[in-house]
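Below, chains carry the letters A, B, ... as their sequence lines are ordered, and counting in each starts from 1. Side chains are part of it too, since the values below use all heavy atoms of this structure and drop only hydrogens, waters and symmetry mates.
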Amino acid sequence: MRHVGGARRGLDMWLLQRASAIYMAVFLLVFLICFLAAGPIDFVTWHGLFAPLAMKVGALLFVAALLVHAWIGLREIFIDYVHFLVPRLALYLAFGALYLGCLVWTVDILWSVK
Amino acid sequence: MKFRIYRYDPESGAAPRMQDYDIDFDPRGKKVLDALIAIKDTLDESLSFRRSCREGVCGSDGVNVNGTNVLACITALEGLKEPITIRPLPRLGVIRDLIVDMAQFYQHYRAVKPYLINLDPEPENERLQTPEDRAELDGLWECILCGCCTTSCPSFWWNPDKFLGPAALLQGYRFIADTRDQATNERLDYLEDPYRLFRCHGIMNCVEVCPKGLNPTEAVGKIKSLLVKRAL
């Protein structure tokens, strides 16, 4: 059978990878400013840095962006190197599950800061 | 001068091998193609390679010299490390010695419909463009389809049947950028695919090796920008 390509596909992933990269860059800059403004870092200031809801949400989005970025990057690698459907699909799903787990874990960590 | 050249004759049944040649040849002002012709003339008439214009216009003598894809006819011998290792362009099937099977490369080229699609009645003389619109095509039309870029692209190595490769994408953009063309949307439709366009990861080997100094990566970036503009 002839290989058929999927028209109107591929752009979303590419765009999402760029968008997540931009968010990560912006967040890291903002976080660095907050970090430097917080003064000498000890447990109390580090704890206080993550106390506001805005920082929790920002950090959670950062981790989400990181995981999306990483998953799309891995997907690119799998498309390049893993040419058989079953192992490729298994890798997609395995890393998808792993990264989703990381995200849930991040929620638990961030919201444990009272 | 010492040369080490890839030899393969499918009719003999023997595996490909590297053959050493030692030829008395003054490299001053001479190109790799001159040496290949001299070797064929004086040492080994069975050595096979493509060449035609011998001045970097026809694009038929793309080979891999000391690990870099070049046109043999415009690559100076002076400064090349000896033994000068000459192999066929990577990843394409070898027909014989330095002659590769370009069928896949041309198939990708045909796939981007490298011709003007304009359904308006043909004008009396020609379809005119403003000088600014015409300038958009500079850096695109000069491609001679030698295959140096596409065969140096790792994305093409991994998916040669599905990824179009820098040469075809550059030509795809050449017609997308043409104001006289009316099939822009269909062209973008064809390219919006995880393989055909989006296997390009901006490695830029194509830019490094292009004997005409063109920039396929930039063209790919422009296609991506157009896709984004169209989608949003």
Does A:H83 reach the side chain of B:N159, with side-chain heavy atoms less than 4.5 Å apart?
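Yes, their side chains come closer than 4.5 Å.
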Are more than 12 heavy atoms, taken from residues, nucleotides or ligands other than [X], located less than 6.0 Å from that residue's [atom1] atom?
{"X": "B:E208", "atom1": "CD", "answer": "no"}
{"X": "B:R4", "atom1": "CZ", "answer": "no"}
{"X": "B:K113", "atom1": "NZ", "answer": "no"}
{"X": "A:W111", "atom1": "CH2", "answer": "yes"}
{"X": "B:W141", "atom1": "CH2", "answer": "no"}

When rounded to the nearest 0.5 angstrom, what is the spacing between CG in A:D12 and CZ in B:F198?
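Rounded to the nearest 0.5 Å, the CG-CZ separation comes to 9.0 Å.
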To the closest 0.5 Å, what do you measure between CG (A:L11) and CZ (B:R230)?
8.5 Å
Reference residue B:P194; test side-chain contact (heavy atoms from CB on, under 4.5 Å); the match among A:R75, A:M13, A:E76
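When side-chain contact (heavy atoms from CB on, under 4.5 Å) is applied between B:P194 and each of A:R75, A:M13, A:E76, only A:R75 qualifies.
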Could you pull out the closest heavy-atom pair between B:W158 and A:D80, with the gap in Å?
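Nearest heavy atoms, B:W158 then A:D80: CB-O, 3.4 Å.
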Report which part of A:I79 has an atom under 4.5 Å of a heavy atom belonging to chain B: side chain, backbone, both, or neither.
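When you check distances to chain B, atoms from both the backbone and side chain of A:I79 fall under 4.5 Å.
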